[in-house]
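All chains are named by letter (A, B, ...) in the order of the sequence lines, taking the proteins before the strands, and each is independently numbered beginning at 1.
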Protein chains: 2
Amino acid sequence: MPIERDVPGIVDVAAKADVSVSTVSRVLSGRTRVSDRLRSKVEAAVQELGYRPNAAAQSLVRGRSSTIAVFARNTIRYGYAATLQGIEEAARAAGYVIMIAVVESGDPAELARAVDGTLSQTLAGAIVIEFDEVGVKTLAAMPTSLPVVAAAGARRARGTTPHAFLDDYAGGYEATRYLLSLGHETVHHLAIPATRPRSGRAWGWRKALEDAGAAVPALVQADYSPTSGYDTARGLLGVPGLTALLCGNDELAIGAARAFQEGGRRIPDDISIVGFDDQPFARMWNPSLTTVQQDFVDLGRRTFGLLEQWLASGERAQDSAVTPSLVIRESSASPPRTVSANH
Amino acid sequence: MPIERDVPGIVDVAAKADVSVSTVSRVLSGRTRVSDRLRSKVEAAVQELGYRPNAAAQSLVRGRSSTIAVFARNTIRYGYAATLQGIEEAARAAGYVIMIAVVESGDPAELARAVDGTLSQTLAGAIVIEFDEVGVKTLAAMPTSLPVVAAAGARRARGTTPHAFLDDYAGGYEATRYLLSLGHETVHHLAIPATRPRSGRAWGWRKALEDAGAAVPALVQADYSPTSGYDTARGLLGVPGLTALLCGNDELAIGAARAFQEGGRRIPDDISIVGFDDQPFARMWNPSLTTVQQDFVDLGRRTFGLLEQWLASGERAQDSAVTPSLVIRESSASPPRTVSANH
DNA sequence: TTGTAAGCGTTATCAG
DNA sequence: CTGATAACGCTTACAA
């Protein structure tokens with residue numbers, strides 16, 4: 001079954017409207033004045049033929065395009081997927097089209113492959129979702145000749161890539177301080193992989209502890225999944241003085257909660273658990289999850305906004321921050337008296 | 001700050017290697033024999049200049065490209081995001097690059113806008129995620145001149161678009177039969193929006209009930225979110241004889257579970273709840289969720305495979321099905337005796 | 001095996 | 001206001 005029924009080109013439209021191709025191009029771009037008579041003839045021809053300009057030819061001659069590439073390590077996990085959705089939404093509204101490239105590891109060869117294929121497209125710009133170490137490396141691999149902005153989890157150094165970010169540090173700090181204010185002697189932390197050593201959720205947690213003069217327990221490293229939360233939390237069952245656990249994300253939190261519950265601990269009576277992100281399920285959890293709310297979709301929109309502004313003005317845009325807010329629900333409470341008595 | 005530092009073109013490479021552009025093109029494509037001497041000179045020049053072929057120019061002259069467009073209503077929800085990830089993964093491995101277009105509504109104008117922008121790209125083919133009504137309309141709007149395949153939730157009529165699908169009907173049927181086998185008199189259904197009238201999860205549920213001679217309660221229509229599950233389930237609290245509820249997805253299930261628990265019902269003692277999809281959190285739920293497992297990532301891979309095969313062979317590929325499997329966990333059990341006695 | 005040259009579908013420059 | 005015509009960067013006959 002043949003599929004190559006020719007797509008009409010600008011010359012077909014010109015022929016049908018009985019004008020020159022330049023005229024067709026003009027009415028389509030709308031940048032120059034064209035007489036109403038010719039304009040309507042062209043529009044009719046376009047309509048009739050179902051003509052659609054060939055973007056490849058356009059970007060070839062213009063040297064730029066309306067395509068923007070998004071680089072991310074993952075597209076399934078909530079934060080990534082929601083950020084992508086925000087980017088796509090804003091890009092579509094602005095007439096851009098988006099290309100997505102997932103970069104699975106920071107391995108130079110794999111990175112080069114993912115990046116090369118995408119960068120050989122004629123791009124208007126690129127966006128890197130820099131929520132993890134792979135994102136950092138991807139950003140470093142971007143050519144300086146291309147406008148690139150990032151969606152991040154922390155403010156980056158001045159003068160670098162423009163970026164919109166969710167203040168993970170502030171979120172971690174606030175959640176920890178909240179737990180401390182409830183009377184917990186200290187707060188443990190089940191961490192997602194860090195983007196950089198001294199930043200993000202884990203760093204906010206540590207600082208809040210230090211500022212309050214509380215002991216800083218060893219950080220427990222996990223991955224991102226509920227299973228990882230479950231597995232690592234099982235190892236925490238015997239830890240003395242563990243009455244509050246701040247988790248790097250909501251999935252970890254529910255995995256940990258399950259592990260504790262199976263171990264006979266009640267939440268929040270014996271142990272308080274706080275998540276991060278406020279995924280849709282957090283509110284329905286049993287008990288409902290206290291967590292740090294993040295608006296990833298908005299982050300995505302704002303990140304695209306930075307790029308759009310750059311493209312329009314020719315100047316790098318300012319950074320854009322959002323401070324997350326703590327949502328207090330049922331999974332957190334004051335520590336049990338018995339444990340306090342032990343100290 | 002200027003950003004237009006010229007990207008090297010094939011002529012720059014040719015000049016530096018002191019050969020013709022056709023020779024450069026030949027070593028890059030690898031389709032024709034080139035002497036080792038020239039080949040290595042070219043490779044050195046490519047390396048040195050960091051040359052990357054311009055995909056727009058390539059697709060312009062070739063009339064096709066290595067870009068495939070993916071149309072989806074959403075990119076956040078689990079099934080969609082996971083399918084997209086599978087597509088991207090397979091596409092990247094095969095040297096394709098993917099473009100994503102979200103189509104928010106089936107409204108003709110909005111549809112045309114989303115589709116037009118993307119179809120003006122030179123595409124190798126397109127994939128439509130047809131998990132909902134918008135997907136059906138998007139598919140209908142695709143030009144016949146382009147190879148298009150779909151990822152679906154049910155087998156479609158013969159001779160139409162090639163598609164890979166997860167058998168929603170079978171999943172709904174099996175889950176319902178399982179609940180009936182536990183002794184429930186009937187099973188209620190909290191449904192996600194349907195793709196088509198007589199297919200999918202809801203249709204499997206209905207058929208299983210009919211085949212077993214059980215009463216078919218009115219289907220309760222919900223959306224996709226936990227909140228929607230919660231809200232609609234609250235309206236079900238007073239329904240007599242409701243001892244088992246099959247939910248259209250896991251998010252609905254946890255929302256419903258929460259509503260019932262708040263209403264004083266125990267799960268599974270008073271009411272059995274079964275979800276759909278087996279999202280990562282399902283296993284960690286409290287109680288852990290009995291659900292119909294679906295491998296969306298694999299669906300995505302297989303869908304891309306269909307397109308790749310078509311592109312390679314020039315023939316439409318066969319359809320490809322996967323039957324989901326029920327995962328029995330803690331949220332389902334036999335109905336309470338007291339209720340049975342009432343009948 | 002290598003080079004020359006004719007396009008691919010548009011836009012933009014430059015005359016009319 | 002409109003129409004030729006020269007690029008844009010690359011591939012691919014066709015010659016050499």
Contact list (N/O, under 3.5 angstrom) for nucleotides 9-13 of chain D vs protein:
residue, atom, partner, partner atom, Å
dG9(D), N2, A57(B), O, 3.4
dC10(D), OP1, Y51(B), OH, 2.5
dC10(D), OP1, N54(B), N, 3.2
dC10(D), OP2, I10(B), N, 2.3
dT11(D), OP1, Q58(B), NE2, 2.8
dT11(D), OP2, S25(B), OG, 3.0

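By the ring pair (Phe, Tyr, Trp, His ring centres under 6.0 Å) test, Y96(A) pairs with F304(A), sequence neighbours left out. Remark: F165(A) engages H163(A) in a ring pair (Phe, Tyr, Trp, His ring centres under 6.0 Å) (not counting sequence neighbours). Looking at residues two or more places apart in sequence or on another chain, you find a side chain to side chain donor-acceptor pair (under 3.5 Å) between E89(B) and R301(B). Legend: residues meeting side-chain contact (heavy atoms from CB on, under 4.5 Å) with A17(B), ordered by chain and number and at least two apart, are V19(B), K41(B), V42(B), A45(B). Remark: S105(A) pairs with D107(A), E110(A) by the side-chain contact (heavy atoms from CB on, under 4.5 Å) rule, at least two apart or across chains. Residues satisfying the side chain to side chain donor-acceptor pair (under 3.5 Å) test with S20(B), not counting sequence neighbours, are S22(B), T23(B).
Residue pairs meeting the ring-ring contact (aromatic ring centres under 6.0 Å, His included) criterion with at least one partner in residues 121-143 of chain A, sequence neighbours excluded, are Y80(A)-F131(A), F131(A)-F296(A). Among residue pairs with one or both ends in residues 24-60 of chain B, none qualify as ring-ring contact (aromatic ring centres under 6.0 Å, His included); sequence neighbours excluded.
A salt bridge between R302(B) and D298(B) is present, with a side-chain N of the basic residue lying under 4.0 Å from a carboxylate O of the acidic one.
Side-chain nitrogen and oxygen atoms of T23(B) include at least one within less than 4.0 Å of the OP1 or OP2 phosphate oxygen of dG3(C).
In the helix from dT1(C)-dA16(D) to dG16(C)-dC1(D), the terminal helix axes, each the rotation mapping four pairs' C1' atoms onto the next four within five end pairs, subtend 40°, rounded to 10°.
Contacts between residues 13-20 of chain A and DNA chain D, defined by a heavy-atom separation below 4.0 Å, involve V19(A), S20(A), listed by number.
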Which donor-acceptor pairs under 3.5 Å do the side chains of residues 63-73 of chain A make with protein atoms, sequence neighbours left out?
residue, atom, partner, partner atom, Å
S65(A), OG, T67(A), N, 3.1
S65(A), OG, T122(A), O, 2.5

